[in-house]
**Q** 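If you scroll down you'll find the structure; I have some questions about it.
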Amino acid sequence: MSSLHIAAEKGEVAERILLPGDPLRAKYIAEHFLDGAKEYTSIRNILGYTGTYHGVPVSVQGTGMGMPSISIYVNELMDCYGVQKLIRVGTCGGMHEKVKLRDVFIAQGATTDSGMIRSIFGSSINYAPLADYELLSAAVENAKRMNLPVRVGNVISVDRFYDEEIDNNKLRAYGVLAVEMEAAALYTLAAKYGRQALALFTVSDHLLTGEKCTAGERQTTFNDMIKIALETAVG
Ligand code: HPA
């Protein structure tokens, strides 16, 4: 039986999954990187596919933007379909001079202003959402082997894309390198279910310089990130 937001039958979703925010990125990954990919869901046009990579079953599922949206999908993927390894493949904004436009960035930890995390732990605990260490170290090793440079560090997962109140200078001063909108929820829910999660990004824009990737640049770095994610998922 399918779950509320995913139309797959049990067994149609692989234990290893890539999670882009944009459903058309899921389609792109399925068509360009997986063998024999078959669509298992299109509810709300949030597409999901399963195929194989080097003979290993891998799924790819759109999540939408923001923590409320990704939470719906990762909850159902873990609870209803038994997904074990979840790798987000997204974009982030660079916040620090240590991170450059077009870099591939990996979130080791995800600082957050999320109301969702606060509603789990209350205001007296500042929970630290972390990447799974095994996936993190494998991704770094895979990137080295493939000669693709990566940066690793703290991101902030924000609730609001348009946020004029947030103090980016303070975050930067404490070593937060990039901004995005999903990793903290992914890491927290994976921890709750005892599963492995990692978030990889391409730096699509930079808050310090105002630079933005062109469409062509986005595609090239996106492809590099997908290769790292897939090698890590099947490793
Ligand atoms: N802010 C939040 N999320 C993002 C950004 C940003 O600048 N760039 C890519 N994802």
Side-chain angles (χ1 to χ4, degrees), residues 18-29 46 60-74 86-118 129-131 139 143 148-189 197-226 228-229:
L18 264 53
L19 301 169
D22 179 350
L24 292 180
R25 292 282 192 187
K27 187 174 193 307
Y28 173 87
I29 295 165
I46 300 285
V60 54
Q61 164 81 51
T63 65
M65 289 180 283
M67 288 179 265
S69 186
I70 193 172
S71 298
I72 290 171
Y73 295 97
V74 299
L86 305 96
I87 304 185
R88 167 161 156 70
V89 283
T91 59
C92 67
M95 300 218 337
H96 199 283
E97 61 270 14
K98 284 185 180 168
V99 168
K100 309 281 186 236
L101 197 70
R102 296 181 294 274
D103 277 354
V104 174
F105 184 75
I106 306 180
Q108 181 179 13
T111 298
T112 187
D113 64 354
S114 165
M116 190 189 120
I117 313 296
R118 217 169 19 255
L130 296 180
L148 299 171
V150 289
R151 301 257 160 210
V152 179
N154 204 347
V155 294
I156 179 155
S157 304
V158 292
D159 269 344
R160 290 182 291 160
F161 187 94
Y162 298 105
D163 185 346
E164 283 165 6
E165 288 75 25
I166 197 161
D167 188 346
N168 284 328
N169 287 328
K170 184 175 279 182
L171 290 164
R172 195 175 294 125
Y174 282 77
V176 175
L177 304 182
V179 55
E180 59 85 58
M181 300 187 71
E182 293 84 12
L186 171 64
Y187 287 179
T188 303
L189 290 170
L198 185 67
L200 307 183
F201 311 95
T202 58
V203 180
S204 61
D205 55 284
H206 210 292
L207 274 59
L208 278 179
T209 60
E211 302 164 281
K212 286 186 187 357
C213 278
T214 63
E217 287 172 337
R218 265 179 187 249
Q219 203 58 57
T220 311
T221 17
F222 183 80
N223 288 348
D224 288 345
M225 170 178 66
I226 298 305
I228 298 168

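We count ligands from 1, going down the list as the structure has it; atoms in each ligand are counted the same way.
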**Q** Mind listing the closest non-hydrogen atom pair of Met65 and Ser69 along with its distance?
**A**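 Distance-wise, the nearest heavy atoms are O-CB, 3.4 Å.
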
**Q** Please assess Thr112 against Thr188 for the test side-chain contact (heavy atoms from CB on, under 4.5 Å), listing each intermediate value before the final yes or no.
**A** CA-CA 11 Å; Thr112 187; Thr188 303; over 6 Å; no

**Q** Do Ile166 and Leu171 come within less than 4.5 Å of each other through their side chains, counting heavy atoms only?
**A**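 Ile166 vs Leu171: side chains touch.
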
**Q** Using modelled atom types only, decide if a donor and an acceptor are shared between the side chain of Tyr73 and the backbone of Gly64 within a distance under 3.5 Å.
**A**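 Not confirmed, Tyr73 side chain does not pair with Gly64 backbone.
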
**Q** So if I only count non-hydrogen atoms and take anything under 4.0 Å from ligand 1, which residues does that give, chain by chain?
**A** Thr91, Cys92, Gly93, Phe161, Val179, Glu180, Met181, Ser204, Asp205, Leu207

**Q** For Met95 and Ile156, run side-chain contact (heavy atoms from CB on, under 4.5 Å): C-alpha distance rounded to whole Å, both residues' side-chain angles, the deciding distance at 0.1 Å, then the answer.
**A** CA-CA 10 Å; Met95 300 218 337; Ile156 179 155; 4.2 Å; yes

**Q** Less than 4.5 Å apart, any side-chain heavy atom of Val203 and any of Arg151?
**A**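 Val203 vs Arg151: side chains apart.
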
